[in-house]
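Report on one structure; see the data block that follows.
Chain identifiers are assigned alphabetically (A, B, ...) following the order of the sequence lines, protein sequences preceding nucleic acid strands; residue numbering begins at 1 within each chain. Values below: every heavy atom of this structure, side chains too, minus hydrogens, waters and symmetry copies.
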There are 2 protein chains.
Amino acid sequence: MAEVKENHVSSRRQEILAAATQAFLDKGFSGTSMTHLAKVCGIQKASLYHHFPGKEDLFIACVTDGYAQAVDQLDDLHGDDTLNDVEKITAAFDCLYRITISSPVGRLSPVIAEVSRTMPNVAKMFHANYIARQQAVLEKIISAGVERGSYRPQNYKVLHHLVFGPIVTLSLSREMFASFDDLDSHFPVDELKAGHLSAILTELGVADTMQPLSQPA
Amino acid sequence: MAEVKENHVSSRRQEILAAATQAFLDKGFSGTSMTHLAKVCGIQKASLYHHFPGKEDLFIACVTDGYAQAVDQLDDLHGDDTLNDVEKITAAFDCLYRITISSPVGRLSPVIAEVSRTMPNVAKMFHANYIARQQAVLEKIISAGVERGSYRPQNYKVLHHLVFGPIVTLSLSREMFASFDDLDSHFPVDELKAGHLSAILTELGVADTMQPLSQPA
DNA sequence: ACTTCCCAACCGAACGGTCGGTTGATCTGC
DNA sequence: GCAGATCAACCGACCGTTCGGTTGGGAAGT
C-alpha cells in the first residue's frame, strides 16, 4: 500500500524529469519553456511548480538524477575481480561508451556547456560528481595494471585526454548531427570503439591481440 | 574613399558579429537576446535588423564568418612542401588545437549543438564546411605519408576519432569549466597536445623521438 | 461511525517582464 | 536631394512565476 503510493508520487516526479530531460536535449535549457514542458507532461504549468521550485532547480534535478544511475555502473566495474587487466579495460570502454552516448547525463553535456556561464555551480557539480568520478575509476583500473606490470607508467592527465576525448566528442557529434539520415555510417560506435581501445592498449604497452595482419611465425 | 566607406560599413557589421559571437559563447543561442546584443554593441535594436534580417541569420553569419578565416589556415598547411611528414603532422596538430580552442568557430561548437535540432541546416552546413574540411586535410596529410612509407595504413574514420576527439573535448571542457580558477592546470593545452601527438605518432607507426626514457643502445 | 481538519496535488487565470520583430521619423554624407 | 544608417517608440506573443481556489484521500477528535 505504502509502496503503491510511493510509486505513484515518485512516478509523477520521474515522469516530469524524463520529459524535461528529453526537452532539454532537444531544445537546450533556454529553448525549453515551462509551458511546453507542462504540455508534454499533460499537466498545468502551475503543477510543475508544485514539484520543483523553478526551472533551474528542475534542470539540476535532471542532471543529478541522470548521473546518479550512471555512476553506479562505473563503481561496479572496478569492483569486479574476476577479470584480468585487459578484460577490465575492455569492460571499462564498453561502460564509458554506453554511459556517455546513451545515458541522459552523458548526452546532457552540451546543455550543461550552454548554461555553464550562467550557472557555474552546475558545471562544478557536474565535474565533481560525473567527470572526476569517471576519471578516478579509469585511473584506478590503469594504475592497478601498472603496479602488476601489465601497463607502462602513464601521465594520467594525458591518458584521460586520450580516453575520454574521443568518447565525448562522439557523443557530441551524434547529438549535433542527429538529423543526418546516415548517422550510424558517419559515426559507427562499435567500429570506433574497437579502434579506440586498440590504440589505447598500444599506448599502454600491451601487444594488440586483435592485429588482423597475418604474420607467419 | 570607397575603401574608407567600405571599411566603415563592414566594420560596423564586423563589430556586431564579434559582439554577437561573444554573446552566443557566453549565453548560448536562445539565451542571447537581440535587446542585450544591441546594448553591448551600443546601438538600438532596430539598427541590428538593418544589418541582419533576423536573429537566426545573425547567428549563421557568426558561424560562417568564423570558419571562413579558420579553414584558410588549414589549407596553407597542406600546401607547405618544405616540411617532412612528421613535421607536417606536428604543424597540423598546432593548427588544429589553435583553431578548435582559440578561434570563434571552434568554440561555437557547443552552441551549434544547442540549435542543431531546431536548425538542422546549420548543423549540416557546419559539418560540410568545417568538420569535413578539417578531416579532409588531415586525411590528405596522412595518406601522403602512407604512400611515402612513413606511416602505417590507416582506418581514417578511426583516425579522425582519435585525432579530433581529444581536441574537441578539450575545447568543450575549457568552455564548460571556464569558471574554474585553475583552468590551465586542469586542462594544460600544451602538455595534452604533446602527449596526444606522441600517441598518434605511435599509432601511425613512427618511433617516438620524444621518448624520455634513457634507453642505452 | 461520522464529522472535522489537513494537506499534497492540481487547476485556470493572471502577473510583470522580455522576447523577436516592425514602424516611421530623423540624421548624415555625398 | 537622396539613399543608407540610426533612432525612439511600439507591437503581439510568450516567458517564468505566482495567485486564489478546488479536489480527494487519509489522520484526528468525539
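Using cut-offs of 30° and 60° on the angle between ring planes, the pair B/Phe187 and B/Phe177 is parallel. Below 30°, between 30° and 60°, or above 60°: for B/Phe24 and B/Phe29 the angle between ring planes is below 30°, a parallel geometry. Taking the six-membered ring for Trp and thresholds of 30 and 60 degrees, A/Tyr67 and A/Tyr130 have nearly parallel ring planes, at less than 30 degrees apart.
Nucleotide C/dC19 holds its C1' atom 16 Å from the CD atom of B/Glu56, rounded to whole Å. The separation between A/Tyr49 atom OH and D/dT17 atom P is 4 Å, rounded to whole Å. A/Leu37 places its CG atom 12 Å from the P atom of D/dT17, with the value rounded to the nearest Å. Atoms NZ (A/Lys55) and P (D/dC14) sit 15 Å apart, rounded to a whole Å. Rounding to whole angstrom units, CZ of residue B/Phe29 and P of C/dC19 are separated by 13 Å. A straight line from NE2 of B/His51 to P of D/dA5 spans 6 Å, rounded to a whole angstrom. If you measure from atom NZ of B/Lys27 to atom P of D/dC15, you get 19 Å, rounded to the nearest angstrom. Rounded to a whole Å, the CG atom of B/Leu48 is 13 Å from the P atom of D/dA8.
Checking C/dC11, D/dC7, C/dG20 against every side-chain atom of A/Gln44, the shortest atom distance belongs to C/dC11. Among the nucleotides D/dT17, C/dG12, C/dG20, the one closest to the side chain of B/Lys45 is C/dG20. Nearest nucleotide to the side chain of A/Ser33, out of D/dA5, C/dG12, D/dG16: D/dG16.
B/Thr32 comes within 4.0 angstrom of the backbone, heavy atoms only, and of no base.
Closest-nucleotide positions on DNA chain C for B/Ala46 and B/His36 were compared, and the one nearer the 5' end corresponds to B/His36.
The phosphate of D/dC15 has OP1 or OP2 within less than 4.0 Å of a side-chain N or O from A/Thr35. Regarding contacts with the backbone of D/dA5, every side-chain N or O of B/Ser47 stays at 4.0 angstrom or more from both OP1 and OP2.
Donor-acceptor pairing under 3.5 Å is recorded for the side chains of B/Thr169 and A/Thr169. A donor atom on one side chain and an acceptor atom on the other are found under 3.5 Å apart for A/Lys45 and A/Thr35.
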